[in-house]
Amino acid sequence: HKVASTDRGKDRALIVHVQINRAKDAEARIAELRELCRTAGVKVLDVLVQRRPEADPKFLVGRGKLDEILVTAMQRGADVVIFDPDLSPGQARAISEATELKVIDRTMLILDIFAQHATSKDGKLQVELAQLRYALPRLIEKNTMMSRLTAGPGGKAGIGGRGPGETKLEINRRRARERIHLLAKRLEDLAGDRRLRRQRRTERELPILAICGYTNAGKSTLLNSLTEGNAVAADKLFATLDPISRRLRFPEEREVIITDTVGFIRDLPAELQRAFRATLEEMADADLLVHVVDASDPDRDQHIAAVTTILSDLGLGEKPRILVWNKVDQLDPAEADALTRLDGGFLVSALDRATFGPLLLAIERTLWKQGRDTLIARAAHAS
Ligand SMILES: Nc1nc2c(ncn2[C@@H]2O[C@H](COP(=O)(O)OP(=O)(O)OP(=O)(O)O)[C@@H](O)[C@H]2O)c(=O)[nH]1
Ligand SMILES: [Mg+2]
């Protein structure tokens, strides 16, 4: 009885992963998608893997395969089918027209998690805007009031239809366009406020350090332990959406501002990157980036590659950066040793302050070498 009642109201999903041209990261992507579903509160009934030399332009998979998938979904009692990789707007519309089931993709799933986790006013507006922008071209015509793309059975907002907070995502086309306009304007105003705040902070001339890394790497935990603050840390993907800043004091009255940022994930689409705007501004302002890696994750190399790619896409590739191998408590000492020997960086357990010594020293050295240059540059700029 208990199981049935906790599962009721929970979305039941069939995952469809399309492996293009024998891509080697299929297993890791599927594991990650399962993890995203768990975080979003979606029950995964089954995972179907399709191998294709290239994506079908119309349906992502072939027409015959699509029918098979939809029949399987009905038989298994799924109420949503989640596609990975993402569907183009045309594919999303074509598939939605072929079925009564709700059809979403990986990006919509991630946006749904963002919607559940956003807490600041700014973060909520950003997420709602990203959701609307993503959903709008994917809405199908035949259901003008409330598209099945986002509304669940009976019009209830399930996965893909949740707005930030408890609100349901509005997806009437005309209203969506108006709302997008309004949100964009409000966000502009808030960005202005943030600019002022950051400017005041810059005037104080404290160096800024931003913690970045793959989602769930332990960034918030590290920030907490470093500063004994209380950033939300949880075994969830994208637990942190809003930038949080704290002070960290070193000896000799040296002080830095240290900020936590939203986690990265591979294949982050432009729509999602925009939702990170506040976080990205923090990183652009930083004097030093601390890249935190979950060293105990078997997929860590791909996580590092994804973070490196995103950072250079954002024009942050040249910023001074320190690599931190986190969760060493979960690692075999020999393996931990090999990691730093090959790639450098610092081994820590964010749960254990006793492991922070060498990292703190490196931060202090980099910042106060770097910090002085920056101060000189700022002074020169001001005069
Ligand atoms: N064993 C172990 N667990 C850790 C360590 N650091 C963090 N964790 C756990 O890893 C999980 C994720 O930690 P967070 O600090 O929320 O990770 P994050 O990088 O901020 O994640 P997002 O904000 O979701 O991107 C939590 O369950 C932490 O308790 C560590 O050094 N060792
Ligand atoms: Mg976090």
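We number each residue from 1, following the sequence as shown. Every number for a ligand or one of its atoms is a count from 1 in the order of the listing.
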If you measure every N or O of [X] against every N or O of ligand 1, does any of those distances drop under 3.5 Å?
X: Thr261; value: no
X: Gly218; value: yes
X: Val262; value: no
X: Asp260; value: no

Is it the case that the side chain of Trp325 and the backbone of Val292 share a donor-acceptor pair, with hydrogens and angles ignored and the cut-off at 3.5 Å?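 It does not hold such a pair.
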
Got a second to check how far [X]'s [atom1] is from [Y]'s [atom2], nearest 0.5 Å?
X: Glu282; Y: Asp260; atom1: CD; atom2: CG; answer: 10.0 Å
X: Asp112; Y: Thr39; atom1: CG; atom2: OG1; answer: 11.5 Å
X: Ser349; Y: Asn326; atom1: OG; atom2: CG; answer: 6.0 Å
X: Glu178; Y: Leu183; atom1: CD; atom2: CG; answer: 11.5 Å

Counting each atom of ligand 1 from 1 as listed, which ones have a heavy atom of [X] under 4.0 Å away?
X: Gly263; value: 25 (O)
X: Thr215; value: 22 (P), 24 (O), 25 (O)
X: Gln330; value: 1 (N)
X: Ser349; value: 30 (C), 31 (O), 32 (N)

Tell me whether Leu361 shares a hydrophobic cluster with Val256, the cluster being built from Ile, Leu, Val, Met, Phe, Trp, Tyr side chains joined at under 4.5 Å. no

Just to check, does Ala217 reach to within less than 4.0 Å of ligand 1 when the distance is taken from its heavy atoms? yes

Could you check which of Thr221, Asn216, Ile211 puts a non-hydrogen atom nearest to atom 28 (C) of ligand 1?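 Ranked by closest heavy atom to atom 28 (C) of ligand 1, first place is Thr221.
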
Is it the side chain, the backbone, both or neither of Leu351 that has a heavy atom closer than 4.0 Å to ligand 1?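 Under 4.0 Å from ligand 1, Leu351 contributes backbone and side-chain atoms.
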
Near the Mg ion (ligand 2), is there an N/O/S atom from Thr221 that is less than 2.8 Å away?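 Thr221 does not place any N, O or S atom closer than 2.8 Å to the Mg ion (ligand 2).
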
Answer yes or no: are there more than 12 heavy-atom neighbours, outside Arg51 itself, under 6.0 Å from its atom CZ?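 No, because the 6.0 Å sphere around CZ of Arg51 holds 12 heavy atoms or fewer from other groups.
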
Residue list, ring-ring contact (aromatic ring centres under 6.0 Å, His included) with His303, at least two apart or on another chain: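 Per chain and number, His303 pairs via ring-ring contact (aromatic ring centres under 6.0 Å, His included) with Tyr214.
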
